[in-house]
Student: 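Pasting a structure here, questions to come.
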Protein chains: 2
Amino acid sequence: MEPHEPDLTAVPVTAVLAALADDVRLQIVRALAEGGEAACGSFDFGVSKATRSHHLKVLREAGLTRTRAAGTSRLVRLRRDEVDKLYPGLLDAVLTPRPAA
Amino acid sequence: MEPHEPDLTAVPVTAVLAALADDVRLQIVRALAEGGEAACGSFDFGVSKATRSHHLKVLREAGLTRTRAAGTSRLVRLRRDEVDKLYPGLLDAVLTPRPAA
DNA sequence: GGTGTTGTTCGATCGTTGTCGAACAAGGGT
DNA sequence: ACCCTTGTTCGACAACGATCGAACAACACC
C-alpha cells in the first residue's frame, strides 16, 4: 500500500488546519509531540480502531505525520521540523492542552 | 441582537482551528489582517450574502472577530492582540497566502 | 499450516456544515 | 412616507466527516 505522505507545501493550509481541528486528532498530535514515535495502537482515546485508523490517515495525508512499518505494527511520528519550518508557531500554539494565558 | 462575542479562553482550540479551516473564512481573516476594520459587504468572495453572514458569525463565535454597528453597515475587526496572546504564532503561521518555504 | 495480533478498508449511519433563495429587520436618504 | 442599501435569519438541500462493526490483509510465532 502506498503510504501517501505528501509534501507539506502541497497541502492547502485549510487542510492542515482541518486536520488539527478535531479533538481526537489533537490528542494524537500531542501524544506524538511528547512521546516521539509511537505505534498506532498506543492511541486509545475511546474510539474504535477503525476510527483511529481514519484519524491517522487524515493526519498523514495532511502532511503532519510519517508512518513506517515495524513488524505487524506501524510506527507514527510527527513531522515537527517540516511543520515548524512551514508554519512557525502553529504547533506550539496548538499543542498546549490549556493555554491559560 | 446579542453579538455573542465570547472570551477566547472560553472557546475550545478545535473550534478556533475549525473556524480558520475554511477557504472563505481564511480570506476574510486575511483581508481583516491587512485592511483593519471593514464592513461585512466588502468581502465578496463569490458567495451569497447569506453565506457571508454565516461565515462572519462563525468567526465571531470563535472569538476571532468583533463586530460593531455603524449605520446600516456592520464593521468587523480582527481581535489580533487577544489571539496572538493566547495562540502566539497561529495567525502569523496561517495568514500568509503561500508560505513558499 | 494454523492462530493471534495489528491495522486497513468497506459499507452504513448520522450529525454537522457550507450553500442558496427568500423573507425579514434596521437605517439612511430623498 | 417611500425606497434602497445592508445584514440577519429561516428553511431546505447537498456534501462532508466522524463513528462503528465486520471483513480483510500482513506479519510473527509456535
Side-chain angles (χ1 to χ4, degrees), chain A residues 1-6 11-32 35 37-77, chain B residues 1-6 11-32 35 37-77:
Chain A
M1 171 211 125
E2 303 286 318
H4 192 214
E5 296 174 349
V11 179
V13 193
T14 50
V16 177
L17 291 170
L20 294 172
D22 180 278
D23 197 52
V24 175
R25 288 196 290 267
L26 210 45
Q27 287 181 267
I28 294 177
V29 171
R30 280 170 185 154
L32 286 176
E37 208 170 32
C40 299
S42 64
F43 311 112
D44 189 2
F45 297 119
V47 295
S48 73
K49 59 178 181 175
T51 303
R52 186 194 322 150
S53 190
H54 161 69
H55 285 309
L56 289 170
K57 183 181 183 182
V58 172
L59 289 173
R60 183 179 355 110
E61 294 188 345
L64 293 172
T65 60
R66 262 187 220 287
T67 305
R68 68 187 179 91
T72 81
S73 297
R74 278 162 182 270
L75 296 181
V76 186
R77 70 177 191 279
Chain B
M1 171 209 126
E2 303 285 316
H4 192 213
E5 297 173 347
V11 180
V13 193
T14 50
V16 176
L17 292 171
L20 294 172
D22 179 278
D23 197 53
V24 175
R25 288 196 290 267
L26 209 45
Q27 287 181 267
I28 294 177
V29 171
R30 281 171 184 152
L32 286 176
E37 210 170 31
C40 299
S42 63
F43 312 112
D44 190 2
F45 297 118
V47 295
S48 72
K49 59 178 181 175
T51 304
R52 188 194 321 150
S53 190
H54 161 69
H55 285 310
L56 289 170
K57 183 181 183 182
V58 172
L59 289 174
R60 185 182 349 115
E61 294 187 346
L64 292 172
T65 60
R66 264 188 218 287
T67 307
R68 68 185 179 92
T72 80
S73 297
R74 281 164 181 268
L75 296 181
V76 185
R77 70 178 191 279

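Values reported hereafter were calculated over all heavy atoms of this structure, with side chains retained and with hydrogens, waters and symmetry mates removed. Residue numbers start from 1 in every chain, and the chains themselves are labelled A, B, ... in the order their sequence lines are given, proteins ahead of strands.
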Student: Map A:T72 and A:A18 onto DNA chain D by nearest heavy atom, then report which one ends up closer to the 5' terminus.
Tutor: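 It is A:A18, whose closest nucleotide lies nearer the 5' terminus.
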Student: Taking atom P of C:dG7 as reference, at what distance in whole Å does atom CZ of A:R68 sit?
Tutor: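 To the nearest whole Å, that distance equals 13 Å.
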Student: May I have the distance from B:F45 (atom CZ) to C:dT19 (atom P), rounded to whole angstrom?
Tutor: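 Those two atoms, CZ and P, are 13 Å apart.
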Student: Measure from CD on A:E61 to P on C:dT8 and round the result to the nearest Å.
Tutor: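 About 11 Å, once rounded to whole Å.
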Student: Checking A:R68 now: which residues fulfil side-chain contact (heavy atoms from CB on, under 4.5 Å) with it, not counting sequence neighbours?
Tutor: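 In terms of side-chain contact (heavy atoms from CB on, under 4.5 Å), with neighbours along the sequence ignored, A:R68 is linked to A:E37, A:L75, A:R77.
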Student: Rounding to a whole Å, what distance do you find between B:I28:CD1 and D:dG7:C1'?
Tutor: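 Distance, rounded to whole Å: 13 Å.
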Student: Would you mind reading off the distance between B:D44 atom CG and D:dT6 atom P, rounded to a whole angstrom?
Tutor: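 These atoms are roughly 12 Å apart.
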Student: Are any of the side-chain heavy atoms of A:L32 and A:V76 separated by less than 4.5 Å?
Tutor: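 Of all side-chain heavy-atom pairs linking A:V76 with A:L32, at least one is under 4.5 Å.
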Student: Starting from C1' on C:dA25, measure out to CZ on B:R74 and report it in whole angstrom.
Tutor: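 Result: 10 Å.
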Student: Can you sort out which residues in residues 47-59 of chain B have a heavy atom within less than 4.0 Å of DNA chain D? Ascending by number, please.
Tutor: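 Only B:K49, B:A50, B:S53 qualify.
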Student: Check every atom of D:dG7, D:dT19, D:dA18 against the side chain of A:R25 and return the nucleotide holding the closest atom.
Tutor: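 From the listed options, D:dA18 comes nearest.
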Student: Between A:R74 and A:T67 (side chain of the first, backbone of the second, donor and acceptor by atom type, cut-off under 3.5 Å), is there such a pair?
Tutor: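 A pair under 3.5 Å: no.
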Student: Report the residue (A:A21 or A:G71) whose heavy-atom-nearest nucleotide on DNA chain D is the more 5′ of the two.
Tutor: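 Counting from the 5' end, the first nearest nucleotide belongs to A:A21.
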Student: Choosing from C:dG7, C:dG18, D:dG7, which nucleotide comes nearest the side chain of B:D22?
Tutor: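 Given the options C:dG7, C:dG18, D:dG7, the side chain of B:D22 is closest to C:dG18.
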Student: Who pairs with A:S42 by side-chain hydrogen bond (donor to acceptor under 3.5 Å, both in side chains), at least two apart in sequence or on another chain?
Tutor: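 A:S42 satisfies side-chain hydrogen bond (donor to acceptor under 3.5 Å, both in side chains) with no other residue.
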Student: Using only side-chain N and O atoms of B:S73, determine if any of them is under 4.0 Å from OP1 or OP2 of D:dT5.
Tutor: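 No, outside the criterion.
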Student: For nucleotides 1-3 of chain D, print each protein N/O atom paired with a nucleotide N/O atom at under 3.5 Å, atom names and distance only.
Tutor:
none

Student: Does any non-hydrogen side-chain atom of B:V24 lie less than 4.5 Å from one of B:T51?
Tutor: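 Of all side-chain heavy-atom pairs linking B:V24 with B:T51, none is under 4.5 Å.
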Student: State which residues pass side-chain contact (heavy atoms from CB on, under 4.5 Å) with A:A18; sequence neighbours excluded, sorted by chain then number.
Tutor: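 Expected list: B:A21.
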Student: Quick one: does A:L59's side chain get under 4.5 Å of A:H55's, heavy atoms only?
Tutor: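 They are not in contact (no side-chain heavy atoms under 4.5 Å apart), so the answer is no.
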Student: Quick one: salt bridge (charged side-chain N to carboxylate O under 4.0 Å, His left out) pairs with a partner in residues 39-59 of chain B, sequence neighbours left out?
Tutor: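 Counting only pairs at least two positions apart or across chains, no salt bridge (charged side-chain N to carboxylate O under 4.0 Å, His left out) contact touches residues 39-59 of chain B.
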Student: Using a 4.0 Å heavy-atom cut-off across all strands, classify B:A69 as base, sugar-phosphate, or nothing.
Tutor: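 No contact at all - B:A69 keeps every heavy atom at 4.0 Å or more from the nucleic acid.
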Student: Calculate the interatomic distance between B:L20 atom CG and C:dG18 atom P; express it in whole Å.
Tutor: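 One finds 12 Å between P of C:dG18 and CG of B:L20, rounded.
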Student: Do B:T65 and B:L56 come close enough that some side-chain heavy atom pair is under 4.5 Å?
Tutor: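 When only atoms from C-beta onward are counted, B:L56 and B:T65 do not touch, as no gap falls below 4.5 Å.
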